[in-house]
Number of protein chains: 2
Amino acid sequence: MSRKNEHTRTRILKAALALLESGTAVRMSDIARAAGISRQALYLHFPNRADLLIAATRYLDEISDTDTKLAASRSARRGTERLDAYIEAWGNHIPEVYGVARALLAMRDSDAEAATAWTNRMAAMREGCEAAVWMLARDRDLNPRYGEDQATDLLWTLLSVRGWELLRLECGWSQEAYVAEMKVVARAVLLPPPGGRD
Amino acid sequence: MSRKNEHTRTRILKAALALLESGTAVRMSDIARAAGISRQALYLHFPNRADLLIAATRYLDEISDTDTKLAASRSARRGTERLDAYIEAWGNHIPEVYGVARALLAMRDSDAEAATAWTNRMAAMREGCEAAVWMLARDRDLNPRYGEDQATDLLWTLLSVRGWELLRLECGWSQEAYVAEMKVVARAVLLPPPGGRD
DNA sequence: TGTCAACTTGACATCGTGTCAAGTCAATTG
DNA sequence: CAATTGACTTGACACGATGTCAAGTTGACA
């Protein structure tokens, strides 16, 4: 029945997400066990591991109201405000999706589907950067050194999951420090230099 | 005989490095074929894949005179000079080691040895950042907002292989642009803001 | 001539993903 | 009530990659 089917499906996704949060390697059999079904039954719901992970990502977007949080930055009037709001929203979004993002990133080399899924997500994230940069440019608050594309590239790289990983996990920064410093760094890079030097 | 042994060993390492440059996945059998020996013979020279990759990294350090290039930045007198020199040296070093770095990074999750090897390399690279930051601080050229540790964390993250990967490969920046912009970005972040704002 | 080191071939274990076949069990439907 | 259908189970198996093991071959050197 579709009812029970859906129920099992979300149980699988929840189990997968929970396991992925732990940071250790997660096999199909682990997910099955955690979801309380047989390994083979996973394949009744998802054709392969990549699809399962991608579905888990989407499910995560649903339950944590990703769109809403990122949309909030859209109400900003000034570019600088929007930049801050976007960094705040995205920066605090990363830890929530990091588990599944990591798994997807690891599959990238071996699985074309996983690679595409990740690329799409990063393209979506880039749009947020682009919008902030555009607004900065409109306000004449963009460092004249950079075109909008180049500035977007920089911001996009600055806010990458990998960058978060390094500062937060390798360097041991707190989440608050990460967000706060990314705001400062982004401004230092993207806004025109105050003294007119450079 | 040790002579021929060494010869085969370096042939393996050269073959491995050449294959890793291509960016595609590289199996033990690929390396063996490229080196002109049987797959099993690889294990006469290296106990496992991780060790082979680590040896390849070291070999690469030898043939491209890594130490010399990075040491050049040590002759700088001022912190700002040293920062530029280090970014120049490291930034141009990344593309040379990227192939093997990528393979090592991919093994990280599954192989403790690979993880340690990578961590060590990044620790060494961090020392370069630390030295540049220290010299900036000595010259009173470090943004007062940051302690030396924090500034080192930022520079280290800024110059990460992953960051290079994003700007160079995903965004399509030229190597020259990458190095040039990293210098600008590092200065914008690490030096005191010229107008005293912020 | 005999030994030894470097290498070969071929078989095999292990692990994880993914597939296939046959069967259980409960709810739905004619 | 009987037949069907859908969700799931168990068990076996193929595949690709790493790594191991055993039994040769080959060439150099003593």
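By convention in this document, chain letters (A, B, ...) are assigned in the order of the sequence lines, proteins followed by strands, and residues within each chain are numbered from 1. Only heavy atoms go into these numbers, but all of them, side chains included; no hydrogens, no water, no symmetry mates.
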Between [options], which nucleotide gets closest to the side-chain atoms of [X]?
X	options	result
B:Arg49	C:dT9, D:dT18, C:dG16	D:dT18
B:Met28	D:dT10, D:dT18, C:dT8	D:dT18
B:His45	D:dG19, D:dT9, C:dC7	C:dC7
B:Gln40	C:dG18, C:dG10, D:dC8	C:dG10

In whole Å, I'd like the distance from the [atom1] atom of [X] to the [atom2] atom of [N].
X	N	atom1	atom2	result
A:Asp51	C:dT17	CG	P	14 Å
B:Ile37	C:dT9	CD1	C1'	14 Å
B:Arg27	D:dC15	CZ	P	16 Å
B:Arg33	D:dT18	CZ	P	12 Å
B:Tyr43	C:dA13	OH	C1'	13 Å
B:His7	C:dC7	NE2	P	10 Å
B:Arg11	C:dC7	CZ	C1'	11 Å
B:Leu44	C:dA5	CG	P	12 Å

Check if the side chain of A:Arg39 and the base of D:dG11 share a donor-acceptor pair of N or O atoms closer than 3.5 Å.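 Side chain to base: no pair present.
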Side-chain N or O of B:Thr8 versus OP1/OP2 of C:dA6: is the shortest distance under 4.0 Å?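 B:Thr8 to C:dA6 OP1/OP2: no side-chain N or O under 4.0 Å.
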Between B:Glu165 and A:Arg162, does any side-chain N to carboxylate O distance fall below 4.0 Å?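 No, B:Glu165 and A:Arg162 are not salt-bridged.
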Atom pair CG (A:Asp141) and CD (A:Glu81), whose distance is rounded to the nearest 0.5 Å: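 The CD atom of A:Glu81 is 11.0 Å from CG of A:Asp141, to the nearest 0.5 Å.
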Rounded to the nearest 0.5 Å, what separates atom CG in A:Leu13 from atom OG1 in A:Thr57?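 So the CG of A:Leu13 and the OG1 of A:Thr57 are separated by 9.5 Å.
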Residue B:Arg138 excluded, over 12 heavy atoms near CZ under 6.0 Å: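 Buried by this count: over 12 neighbours within 6.0 Å.
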Give a yes or no on this: more than 12 heavy atoms of other residues, nucleotides or ligands lie within 6.0 Å of atom NZ of B:Lys14.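 Incorrect, the count does not exceed 12.
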